[in-house]
Amino acid sequence: MLRVYNTLTRKTEDFQTLEPGKVRMYVCGVTVYNDAHVGHAMSALVFDVIRRYLEYRGYNVKHVMNFTDVDDKIINRANQLGEDPLRLAQRYIDDYRQNLTDLNVLPATSNPRATQTMTEILSMIRGLIEKGYAYPAPNGDVYFRVTKDADYGKLSGRRIEDMQAGARIEVEELKEHPMDFALWKAAKPGEPAWDSPWGKGRPGWHIECSAMNLAEFGEQIDIHGGGNDLVFPHHENEIAQSECFTGKPFSRYWMHNGMLQLGGEKMSKSLGNIVSIKEFLSRREADVMRMLVLNGSYRAPLMFNEETLDSAEKGLERLKSGLRPAAPSASGLSTEAASALATLSEATQQAFTDSMDNDFNSSGALAALFELVRAINTARDAGAKDEQLAPARSTLRTLAGVLGLRLAEKKSSGDADRFVDLLVEVRTEARKQKNWAMSDLIRDRLKELGVVIEDGKDGTIWHW
RNA sequence: GGCGACGUGGCCAAGCGGCAAGGCAAGGGUCUGCAAAACCCUCAUCAUGGGUUCAAAUCCCAUCGUCGCCUCCA
């Protein structure tokens, strides 16, 4: 039984979907006004793993991730650069898509955008006004009336009264209550604007997600995800809008990933302590970022620094070591040893599923994989042939694949392999003649070219 | 100030009432011409102080500390 931690109830609950076998999952994407950073990557990776595992468990997953392509930040940045805001947004959408591809994140089933959901946004705002949950202000803004929503604050566990104590809320006479938030913002001159019953303007941040959900899924969904910095106000406001509009519970499960920590602080655009995804990928393999995420718990803060990255990279190498070929002259494994490997391979699948079923405990799942790797390597050391290792390796590949790990060896450049084979052969000959100087020279020079040579009991193997 | 999460070996990190997973690092060993890799072995009583229980890292209370949110934010 799959169990999922639900932010709404602060409990781990059995996972049951609205429709048997189908999962409706909505994850908040990014506001596109700048290069995405590794914190965004963490979130994308977390929900990619969740999605892959749900599919592995047999669910048909509809995964929707939005792009916020119109808001103050985009407009400001566009003005700075002298670029059209919508073009700027498009540019960063393309970039982000590329980032996700590079990170081996499966493309979402659909990527709606605020600017393309205008009809639904407007009809939702209209509906909320009709039901008394929203009101237009004299200047053309439309606000949500939080005091009208008895449940307001249930996701983040806040009460309206408590929040005012913080006193960081500026009082606007346009609002009936300081906590009221904008559904529609009247346009200032030169800003991108859409026609509405309240004059030209653009949607507030929160309404787009409610509207997209309605457009993509209907009134109710199974999973709503995002970073835990979105719990308040964004998701709180989404719930308020959606539930007041439809009169039904919005999302069954609310899932939030923890924040990536850089030097003890959250990495964010406003703090300026950013490592972009592009920058990261220029220095490390995509699987390294994924290993880092997988090693921890998706809900907890994630330490991002050279030390944790090195560790993740080594762990990744170790996982790959299980995939290395046996020596061609391997003598073969005894039947007992072979069946022991098969048994452990099955146990690994079970342990993997048990862990992942427990609120996507990827760290435990990884532990199962490491144990399988050790068994494979032991078998190889004991003289197993490639055919004998194949089933266990296939399990390893499959399960690693469920986590989204590619475990790719650095790719050879086509024909080069044949020449490396030749050099290794020559070296073997040199070793037979105890010409250590020559054999070491070949080994060292190949290493400089990125080829690693390993002399084993049953002969020499190599890999990139 | 309010709300919430969390504090497990040198580092990252599982565990959620019954002898403390896993990875990295470190030390010792096997293998090797040497090396690399692999394999074997060693390495924690769980922030602190109380309490509940036959039994607690796991439940309760307090203290200290860290982080997130309360403003745009994955």
Side-chain angles (χ1 to χ4, degrees), chain A residues 7 10 12 27-31 33 36-47 65 68 71-73 76 153 156-159 161-170 179 205 225-234 236 256-261 264-271 291-292 294-297 299-305 307-319 321-322 324 351 355 358 361-371 373-382 431 434-436 439-440 443-444 447 452-457 461-463:
Chain A
T7 307
R10 302 192 187 282
T12 304
V27 180
C28 284
V30 293
T31 300
Y33 69 99
H37 57 69
V38 287
H40 298 119
M42 175 190 182
S43 188
L45 253 11
V46 162
F47 288 99
M65 189 194 74
T68 299
D71 96 327
D72 290 340
K73 291 239 180 78
N76 291 341
S156 55
R158 297 156 204 253
R159 291 172 309 164
E161 311 86 75
D162 289 343
M163 285 185 281
Q164 293 174 74
R168 275 206 278 176
I169 304 148
E170 85 276 25
M179 291 308 298
W205 177 34
N228 69 12
D229 54 349
L230 295 182
V231 173
F232 191 91
H234 185 53
E236 192 70 75
H256 294 97
N257 64 275
M259 293 293 103
L260 193 110
Q261 301 292 123
E265 271 185 318
K266 175 177 92 157
M267 179 180 298
S268 81
K269 293 174 184 174
S270 22
L271 288 171
M291 275 298 278
L292 187 71
L294 256 16
N295 181 49
S297 144
R299 290 195 274 135
L302 179 66
M303 301 298 163
F304 181 95
N305 56 50
E307 200 178 357
T308 58
L309 286 171
D310 283 346
S311 176
E313 193 161 69
K314 290 290 191 56
L316 183 64
E317 285 308 311
R318 181 164 176 71
L319 240 31
S321 77
R324 304 255 160 83
S355 286
N358 180 19
N361 180 353
S362 54
S363 174
L366 227 37
L369 258 34
F370 280 119
E371 273 164 37
V373 165
R374 191 185 313 124
I376 292 173
N377 287 337
T378 300
R380 193 204 294 101
D381 280 3
R431 292 182 69 220
K434 298 196 190 302
N435 186 347
W436 309 129
S439 83
D440 289 352
R443 183 172 64 197
D444 293 345
K447 186 174 182 189
V452 181
I453 286 195
E454 296 170 6
D455 297 326
K457 193 127 187 81
I461 58 176
W462 65 271
H463 64 88

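So that the names make sense, note that chain A is the first sequence line, chain B the second, and so on, each numbered from 1.
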**Q** Assign A:Lys434 to base, sugar-phosphate, or nothing according to its heavy-atom contacts below 4.0 angstrom with the strands shown.
**A** nothing
**Q** By the 4.0 Å heavy-atom rule, please label A:Glu307 as base, sugar-phosphate, or nothing.
**A** sugar-phosphate
**Q** Is it the case that the base of B:rC34 and the side chain of A:Arg443 share a donor-acceptor contact (distance under 3.5 Å, atom types as modelled)?
**A** yes
**Q** Report yes if the side chains of A:Glu454 and A:His463 come closer than 4.5 Å at any heavy-atom pair, otherwise no.
**A** yes
**Q** Using a cut-off of 4.0 Å on non-hydrogen atoms, how would the nucleic acid contact of A:Ser363 be classed: base, sugar-phosphate, or nothing?
**A** base
**Q** Answer with yes or no whether A:Asn295 presents, from its side chain, a donor or acceptor under 3.5 Å of a partner atom in the base of B:rG22.
**A** yes
**Q** Checking all strands, does A:Gly225 fall into the base, sugar-phosphate, or nothing category for heavy-atom contacts under 4.0 angstrom?
**A** nothing
**Q** Check every strand shown and say whether A:Leu369 touches a base, only sugar-phosphate, or nothing at a heavy-atom separation below 4.0 Å.
**A** nothing
**Q** Could you tell me whether A:Asp310 contacts a base, only the sugar-phosphate backbone, or nothing, with contacts defined as non-hydrogen atoms closer than 4.0 Å?
**A** nothing
**Q** Which part of the nucleic acid does A:Asn358 contact within heavy-atom distance under 4.0 Å: base, sugar-phosphate only, or nothing?
**A** sugar-phosphate
**Q** With a non-hydrogen cut-off below 4.0 angstrom, is A:Asn361 in contact with a base, only sugar-phosphate, or nothing?
**A** sugar-phosphate
**Q** Does the side-chain ring of A:Phe370 lie flat on the base of B:rG23, meaning centres under 5.5 Å and planes less than 30 degrees apart?
**A** no
**Q** Could you tell me whether the side chain of A:Ser439 has a donor or acceptor atom within less than 3.5 Å of a complementary atom in the base of B:rG33?
**A** yes
**Q** For B:rC54, what is the paired nucleotide under Watson-Crick or G-U wobble rules, both distances under 3.5 Å?
**A** B:rG18
**Q** May I ask you to say what A:Glu371 touches in the nucleic acid, namely base, sugar-phosphate or nothing, with a heavy-atom cut-off under 4.0 Å?
**A** sugar-phosphate
**Q** Mind checking if A:Asn228 touches a base, just sugar-phosphate, or nothing, with heavy atoms under 4.0 Å?
**A** sugar-phosphate
**Q** Over how many whole Å does the gap from A:Asp381 atom CG to B:rU32 atom P extend?
**A** 12 Å
**Q** Write down the distance between CG (A:Leu292) and C1' (B:rC11), rounded to a whole number of angstrom.
**A** 12 Å
**Q** Looking at B:rU63, which nucleotide sits across from it as a Watson-Crick or G-U wobble partner, both distances under 3.5 angstrom, or is there none?
**A** B:rA47
**Q** Between B:rC31 and B:rC41, how far apart are the two C1' atoms, rounded to whole Å?
**A** 15 Å
**Q** Using atom C1' of each nucleotide, how far apart are B:rG9 and B:rA44 to the nearest Å?
**A** 4 Å
**Q** Paired with B:rG68: which nucleotide, if any, by Watson-Crick or G-U wobble criteria at under 3.5 Å for both distances?
**A** B:rC3
**Q** Taking any heavy-atom pair under 4.0 Å as a contact, classify A:Arg318: base, sugar-phosphate, or nothing.
**A** sugar-phosphate
**Q** Could you tell me whether the side chain of A:Arg374 has a donor or acceptor atom within less than 3.5 Å of a complementary atom in the base of B:rA38?
**A** no
**Q** With both distances kept under 3.5 Å, what pairs with B:rU32, Watson-Crick or G-U wobble?
**A** none
